[in-house]
Amino acid sequence: MIRRSSLACGLLSAGLVVACGDGDPGQETWSFDLPARIPAPKVPVDNPMTTAKVELGRHLFYAKELSANQSQACASCHEQARAFAEGRDRAVGSTGQVHPRNAQGLANVAYASSLTWANPLLVTLEQQAAVPLFGEFPVELGVVGNEAAILDRFRTEVWQDRFRRAFPDEADPVRFDRIAAALASFERTLLSFDSPYDRYLEGDAAALSPAAQRGLELFFSDELECFHCHGGFLFSEAVNHEGLVLPEGGFFNTGLYNLDGAGAYPLDNPGLIEITGVPEDMGRFRAPSLRNVAVTAPYLDDGTAKTLEEVIDIYARGGRRIDAGPRAGDGSRSPLKSGFVSGFRLTPEERADLVAFLESLTDPTFLTDPRFSDPKGPSR
C-alpha cells in the first residue's frame, strides 16, 4: 500500500519520495515509491521532477489565466472528484465549442504510452499539453493569437517567483514550453494505487466483497475477455514505464458504430485512421485505464454510455446496435471490430458482480487528496 504524508523533505507523498539535498528546498528531486508490483513511470531526462516544478504545475493546472478569455483551466475538464475526468458526454472548450470526444481521466496518466483517445504521435505529457493550449480544431483554451497577453498574466510577483523556483537557471522562464513542463510534472504525481482491489492484492482478503471477488473472476475469464484490452496493473494495454523497451499501443475497435455495413464511424470522430490514414484503423481508440472507472461516467470515446451496466451490455452483445437516426447500424457486424469483442452471456447476478469488481478499482483517497486539489481552494 502507498504510504501518504505531507509533502516535505524526506517524506512520502502520493507515491513519491522526496530526495533531500542541501540546496534550495524547492529543487529536491523526486523518485517514485510504489508497491513492488508496480513499475516506475518514465520521466523525460530533459524535464526532471522537482518539488517546485510540481507545485508550479499544480497552480497552473487550476489557473483560468491560461485560457484566452479566462473562463477555463485544465481542471475545468478534469475534476479531482471524478479521477480528473468530467461529467459531460463531450468536452466543451473555453469558447463554447463542443468537442467530438469525452474528456479522459488523468489518474496514472504518467504511464500512458500515448495521450488522448486516438493519437499515437503524442507520447509525452509535455507534447500533449500543447493540444489544449494551442489546438484550434476544436478550440480548448484558445491560446493561438493571444500568446503575449496570456504570458503577461504570469508576470506578477507571485507567479514570477513560482516560475523562478521551478526553473532557477533561466532568466525568463515564463514561456509556454515551461508551462507545459510544469503541467506534465504535476500530472505525473497523479498516482492511484490504493483501491480495495490493491489492498486485496497486498494480502487483505476482506478488502473485496464476495460479489467483487466473483466479478474479478469474470473479468479475467476467457468467456468475457475484458483483460485483453484492459489488462496489466493499469487495466489498459496502452502502457509505458521504466524497463519497457517497446511501449504497448492498445488501440481497439469495439464495434460501437457501423454506419455503412463496412465498419464506418462518424466523420467527426473516426478514431486512429484520422492520424494514420490506414483503413483498418477506422474506429480504433486507445483502451483507457479502468482504475477509478466507477466515478468517470459517462463512458466511451464520445460519452454515449451513461453507466457501467450500459457498457457491459454493449460488450455482451458483441457491439452496439443503433436502430434509427444518422448513426444507425449494427456494430456487432462490423468487419473492423476487434476479435476480443465477440459477445458473452451474463445472468443479472453476474452482471452485478462484474460492476462490483469495477467499483472496487476506486481509490477514495486519490479523489480527495489535498495535494492534487486547487491550491486556492474549491471556491476559485
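These figures come from a predicted structure and were not determined experimentally. If you read the sequence from its start, that first residue is 1, and numbering goes on from there.
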Novice: To the nearest 0.5 Å, what is the distance between CD1 (I314) and OH (Y299)?
Specialist: 12.0 Å
Novice: Do T276 and D281 have side-chain N/O donor and acceptor atoms under 3.5 Å apart?
Specialist: yes
Novice: For residues Y62 and A73, report the shortest heavy-atom separation together with the two atoms involved.
Specialist: C-CB, 3.6 Å
Novice: Take atom CG in L121; do more than 12 heavy atoms of anything else shown fall under 6.0 Å from it?
Specialist: yes
Novice: Where is the tightest heavy-atom contact between M282 and G263, given as atom of each residue plus distance?
Specialist: CG-O, 3.4 Å
Novice: Quick one: OG on S209 to CZ on R214, what's the gap to the nearest 0.5 Å?
Specialist: 7.5 Å
Novice: So, for V239 and S113, which heavy atoms are closest and what is the spacing to 0.1 Å?
Specialist: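 Reported closest heavy-atom pair: N-OG, 3.4 Å.
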Novice: What is the ring orientation for F84 with F186, classed by angle as parallel under 30°, tilted 30 to 60°, or perpendicular over 60°?
Specialist: perpendicular
Novice: Can you hop from V355 to F357 via hydrophobic side chains spaced under 4.5 Å?
Specialist: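 Looking at the clustering, F357 is in the same group as V355.
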Novice: If you round to the nearest 0.5 Å, how far is SG of C74 from CD1 of I179?
Specialist: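 Answer for the CD1-SG pair, I179 versus C74, is 10.0 Å.
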Novice: List the steps and the verdict of side chain to side chain contact (heavy atoms under 4.5 Å, CB included) for L208 and R199.
Specialist: CA-CA 8 Å; L208 289 189; R199 295 195 294 274; over 6 Å; no
Novice: Should the pair R101-E274 be classified as a salt bridge under the 4.0 Å nitrogen-to-oxygen rule?
Specialist: yes
Novice: Quick check on R37: does its CZ atom have over 12 non-hydrogen neighbours (other residues, nucleotides or ligands) under 6.0 Å away?
Specialist: yes
Novice: What I want to find out is whether E170 reaches R175 closely enough, with some N-O distance under 4.0 Å, to be called a salt bridge.
Specialist: yes
Novice: Can you get from L308 to F220 by hopping between Ile, Leu, Val, Met, Phe, Trp and Tyr side chains that sit under 4.5 Å apart?
Specialist: yes
Novice: With ring centroids as reference points, do F344 and Y315 lie under 6.0 angstrom apart?
Specialist: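 No; Y315 has its ring centre 6.0 Å or more from that of F344.
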Novice: Answer with yes or no whether the hydrophobic clustering places L183 together with V131; edges join I, L, V, M, F, W, Y residues whose side-chain heavy atoms lie under 4.5 Å apart.
Specialist: yes
Novice: Return the CG to CG distance between N146 and N69, rounded to the nearest 0.5 Å.
Specialist: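 These two atoms lie 9.0 Å from each other.
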Novice: To check you understand the geometry: which heavy-atom pair defines the closest contact between Q72 and S94, and what is its length?
Specialist: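 Looks like OE1-N, 3.1 Å.
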Novice: Within a reach of under 6.0 Å around CD of E157, are more than 12 heavy atoms found that belong to other residues, nucleotides or ligands?
Specialist: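 No.
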Novice: Can you name the one residue among D363, D198, D194 that meets salt bridge (charged side-chain N to carboxylate O under 4.0 Å, His left out) with R291?
Specialist: D198
Novice: Considering non-hydrogen atoms only, spot the tightest contact between K53 and S185 and give its length.
Specialist: CD-OG, 3.2 Å
Novice: Given side chain to side chain contact (heavy atoms under 4.5 Å, CB included), test V109 with Q104 step by step and report yes or no.
Specialist: CA-CA 10 Å; V109 70; Q104 289 189 334; over 6 Å; no
Novice: Does one hydrophobic cluster hold both L256 and I312, with members joined at side-chain heavy-atom distances below 4.5 Å?
Specialist: yes
Novice: Count the heavy atoms of every other residue, nucleotide or ligand shown that sit under 6.0 Å from CZ of R321, and state whether that count exceeds 12.
Specialist: no
Novice: Taking all atoms of both residues into account, what is the closest heavy-atom pair of P375 and R58, and its distance?
Specialist: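 The pair with the smallest heavy-atom distance is CA-NH2, 3.6 Å.
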Novice: Cation-pi check, R320 to Y257: give yes when NZ or CZ is under 6.0 Å from the six-membered ring centre and within 45° of the ring axis, no otherwise.
Specialist: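 The answer is yes, since R320 meets both limits relative to Y257.
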Novice: Atom CG of L224 and atom CD of E350: how far apart are they, to the nearest 0.5 Å?
Specialist: 8.0 Å
Novice: Hey, what's the ring geometry for W117 with F285, parallel, tilted or perpendicular (30° and 60° as the breaks)?
Specialist: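 W117 vs F285 ring planes: perpendicular.
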Novice: Is R327 paired with D268 through a side-chain N to carboxylate O contact shorter than 4.0 Å?
Specialist: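 Salt bridge: yes.
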Novice: Apply salt bridge (Lys or Arg N to Asp or Glu O under 4.0 Å) to the pair E126 and R188, showing each step before the final yes or no.
Specialist: CA-CA 11 Å; E126 288 81 1; R188 288 191 177 98; 2.8 Å; yes
Novice: Taking the six-membered ring for Trp, are the ring centroids of Y197 and F219 within less than 6.0 Å of each other?
Specialist: no
Novice: Whether the N258 and K337 side chains hold a donor-acceptor pair (N or O, under 3.5 Å, no angle test) is what I'd like checked.
Specialist: no
Novice: Output, in order, the C-alpha distance, side-chain angles, deciding distance and verdict of salt bridge (Lys or Arg N to Asp or Glu O under 4.0 Å) for R155 and D172.
Specialist: CA-CA 10 Å; R155 299 191 190 280; D172 183 15; 3.2 Å; yes
Novice: Check whether L191 and V295 end up in the same hydrophobic cluster, where Ile, Leu, Val, Met, Phe, Trp and Tyr are linked by side-chain heavy atoms less than 4.5 Å apart.
Specialist: yes
Novice: Just by distance, with hydrogens left out, do N253 and S334 show a side-chain donor and acceptor under 3.5 Å apart?
Specialist: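 Their side chains do not contain a donor-acceptor pair, so the 3.5 Å distance test is not met.
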Novice: Does the side chain of S236 reach to within under 4.5 Å of the side chain of Y111, using non-hydrogen atoms?
Specialist: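 S236 vs Y111: side chains apart.
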Novice: How long is the gap from OG on S195 to CZ on F366, to the nearest 0.5 Å?
Specialist: 12.0 Å
